[in-house]
Amino acid sequence: MKVVIIGGVAGGASAAARLRRLDETAQIIVLERGAFVSFANCGLPYYIGDVITDQRQLTLQTPQSFHARFRIDVRVRNEAVKIDLETKTVTVHDLEKDETYLETYDKLILSPGAEPILPPVPGVDLPQVFTLRNIPDTLKIKAFIEEKHPKTAMVVGGGYIGVEMAENLKNAGLDVTIAELTDHLIAPLDADMAADVHRYLREKGIRLMLDNGIVSISAKEDSLQIKLQKGTCTADMLLLSVGVRPDTGLARDCGIQLNRRGSIVVDSHMQTSAPDVYAVGDAVEVVDFVTGQPAFIPLAGPANKQGRIAADHICGLDSAYTGTQGSAVLKIFDMTVATTGLNEKTAAAAGIDYDKTYLYSGSHASYYPGATNMSIKALWDKQTLKLIGAQIVGFDGVDKRMDVLATAMRFGAKVTDLTGLELCYAPPFGSAKDPVNMLGFVAENIVSGKVKQFFWHDVDALPRDGSVTLLDVRTPLEVSRGCIEGFEHIPLDTLREHLSKLPKDKPVYVHCHSGLRSYIACRILTGHGYTCYNLAGGWRLYESVLHDRTVPEYVCTECDE
């Protein structure tokens, strides 16, 4: 059996190695148009920021190491330019020799990946404008910084790569601004969870220009003039990180079925519409694990799994890909951001009747030094109670909790099932009631009706005419630092002594700092015959969102408007 693989990074390299482990006699050829194979895409920003200092660490395998261990023929700088499905041949252009040749196949695996989207604006081809997809892109950016010594940089696009690049450009000594078309960074986050990220980035000296798209780029002496929808800025270099699209021209030209977005349509075994042709990685259409609908979710983990599944099926194993839930984690200086599944926007678009809650909990036992709090948000289907999405923003321990939640989701757990998870505990690592357990307890109280919630976006609409009771149960010191207008202050520990002040015929809307003490207040009030609503996420979340929405918008220091 002869297998040709087009593309030698995550999906293609995984497929090649798995094929060899399953079939020692197969002839395996990997065609990679770039100069590197099996390189660490996700590590590229950290080489620019000097976190990774040795370029060789970015390359996980070489053609020589692939051949030595697996007897796989890896041909870099060999670009597949045409596929003939009837003759089962691939036309290949050897870029080093500038020669063209034909390669036959019994099975073909496409792993071309995705390519950066260039916005249709003037100036994207200027030498100070960069995108980041591969090692040559990385070396080009690194060389520009070392040779030209730029002082300022703008990153257009606030997704994972954009934010990572902003951090690493800052670490490289540049003054950095992020311009983002939407109202918040990191699209898988909801805006309320992104508020903490925005504040932290500003504290780290990263300027944010939200709700602000790029219009044009032009040269201005040795720098760039960048016209945005709101204002015109100058920068010494510009990184475009506005998203990616599937690189599927080769598949389209030979008649393989694509969807409207241009992704290759595959079945659960990663088979395309063409006989004996498979496709994996960022170029393929996946099924959203939660909604069951087609989706485009370009991530390294799924690409590696898909490569393995394609190899399995070629070798007669009944492996199947069961969908992508979008689990991802992001380092931003010392902060960690992690997501899995749906957010509110995608849940609503899918027509899911969902509920949500928030938790603000410590990374480990509070009495052990170094604990930091993390903000957790979870969504679940009201009908089935299945967990459908989670977001965490914090510092230590975020990835650990998100991995637990992502695993629970994958196995169909109800949000209330989180209460029964037995997780590792010791004071340096967690709490006897882990944040994941606490999330389950909070959700269980909501589902069972023990607690009624209201949310930060409901606060301003609450009547201040005396028809409801608004109650703040924080300490006097906390209240002195900021409060919500119209809320009467009664500290939790004195609440029972002041019940006579609260009319029983009016619902009580209560908040504390994070939602825990106000929950206790609601239980006290409910026990005395009141109807009580608890502010999910508490003052902390409300203030975070309010601060984010009222912070003065950054204006370029050199504007022409």
Side-chain angles (χ1 to χ4, degrees), residues 192 195-196 199 357-369 371-377 394 431-433 435 437-439 441-446 448-548 550:
D192 50 14
D196 282 351
R199 175 178 280 184
T357 197
Y358 303 85
L359 183 71
Y360 194 56
S361 193
S363 57
H364 60 249
S366 59
Y367 59 83
Y368 188 88
T372 58
N373 284 326
M374 63 184 78
S375 184
I376 305 175
K377 180 177 184 177
S431 301
K433 295 178 182 177
N437 299 132
M438 292 299 298
L439 184 62
F441 295 143
V442 172
E444 185 178 62
N445 285 335
I446 295 163
S448 66
K450 293 183 180 67
V451 173
K452 296 179 175 65
Q453 298 186 111
F454 68 109
F455 300 102
W456 62 265
H457 46 78
D458 301 320
V459 170
D460 292 345
L462 290 173
R464 266 69 170 180
D465 59 2
S467 60
V468 300
T469 299
L470 306 179
L471 183 61
D472 181 343
V473 296
R474 295 177 299 156
T475 66
L477 180 60
E478 288 175 302
V479 173
S480 70
R481 294 170 178 164
C483 61
I484 304 175
E485 182 182 356
F487 277 69
E488 180 181 358
H489 177 226
I490 301 176
L492 173 62
D493 292 342
T494 66
L495 179 59
R496 290 182 179 89
E497 288 71 44
H498 291 85
L499 291 177
S500 60
K501 296 181 179 180
L502 307 177
K504 285 190 176 181
D505 60 345
K506 298 177 182 179
V508 182
Y509 291 81
V510 60
H511 84 82
C512 66
H513 181 71
S514 67
L516 175 57
R517 284 170 291 165
S518 50
Y519 158 67
I520 296 170
C522 269
R523 296 309 302 153
I524 292 171
L525 291 165
T526 301
H528 286 272
Y530 292 83
T531 299
C532 187
Y533 295 84
N534 182 26
L535 178 58
W539 157 261
R540 195 213 69 81
L541 178 64
Y542 174 82
E543 189 277 334
S544 178
V545 177
L546 186 68
H547 175 272
D548 192 49
T550 57

* Counterpart residues, disulfide (SG to SG under 2.5 Å), relative to Cys512 (two or more places apart) -> none
Please report, to 0.1 Å, the donor-acceptor pairs under 3.5 Å made by any side chain of residues 514-521, with sequence neighbours excluded.
residue	atom	partner	partner atom	Å
Arg517	NH1	Glu478	OE1	2.9
Arg517	NH2	Glu478	OE1	3.2
Arg517	NH2	Glu478	OE2	2.8
Ser518	OG	Gly515	O	3.2
Ser518	OG	Asn534	OD1	2.4
Tyr519	OH	Asn445	ND2	3.3

* Sequence neighbours left out, what passes side-chain hydrogen bond (donor to acceptor under 3.5 Å, both in side chains) with Asn437? Give chain and number order. => none
* Going through the checks in order, is the side-chain contact (heavy atoms from CB on, under 4.5 Å) test met by Leu462 and Phe454? -> CA-CA 10 Å; Leu462 290 173; Phe454 68 109; 3.8 Å; yes
* Asked: Restricting to pairs with a member in residues 468-497, which pass ring-ring contact (aromatic ring centres under 6.0 Å, His included), not counting sequence neighbours?
  -> Phe487-His511
* Go through the structure and list residues passing side-chain hydrogen bond (donor to acceptor under 3.5 Å, both in side chains) with Thr357, not counting sequence neighbours. => Gln453
* Mark yes or no for whether Thr526, through its side chain, and Arg523, through its backbone, hold a donor-acceptor pair below 3.5 Å. => no
* Do Asp192 and Tyr358 get their side chains close enough for a donor-acceptor pair, meaning under 3.5 Å? -> yes
* What's the spacing between Cys532 SG and Leu471 CG if we round to 0.5 Å? -> 7.5 Å
What pairs of donor and acceptor atoms, side-chain ones from residues 490-509 against any protein atom, are under 3.5 angstrom apart with sequence neighbours left out?
residue	atom	partner	partner atom	Å
Thr494	OG1	Pro491	O	3.0
His498	ND1	Thr494	O	2.8
Lys504	NZ	His528	O	2.8
Lys506	NZ	Gly466	O	2.6

* Structure fact -> Sequence neighbours excluded, the answer for ring pair (Phe, Tyr, Trp, His ring centres under 6.0 Å) partners of Tyr368 is His364
* Asked: Restricting to pairs with a member in residues 455-478, which pass ring-ring contact (aromatic ring centres under 6.0 Å, His included), not counting sequence neighbours?
  -> Phe455-His457
Cut-off 3.5 Å, no hydrogens considered: what does the side-chain donor-acceptor table look like for residues 537-547, sequence neighbours left out?
residue	atom	partner	partner atom	Å
Arg540	NH1	Asp196	OD1	3.4
Arg540	NH1	Asp196	OD2	3.1
Arg540	NH2	Asp196	OD2	3.2
Arg540	NH2	Ser375	OG	3.2
Tyr542	OH	Asp460	OD1	3.1
Glu543	OE1	Arg199	NH1	3.3
Glu543	OE1	Arg199	NH2	3.3
Glu543	OE2	Arg199	NH2	2.8
Ser544	OG	Asp196	OD1	2.6
His547	ND1	Arg199	NE	3.3
His547	ND1	Arg199	NH2	3.2

* Structure fact -> For Pro463, the side chain to side chain contact (heavy atoms under 4.5 Å, CB included) test, sequence neighbours excluded, returns Asp465, Ser467, Val468
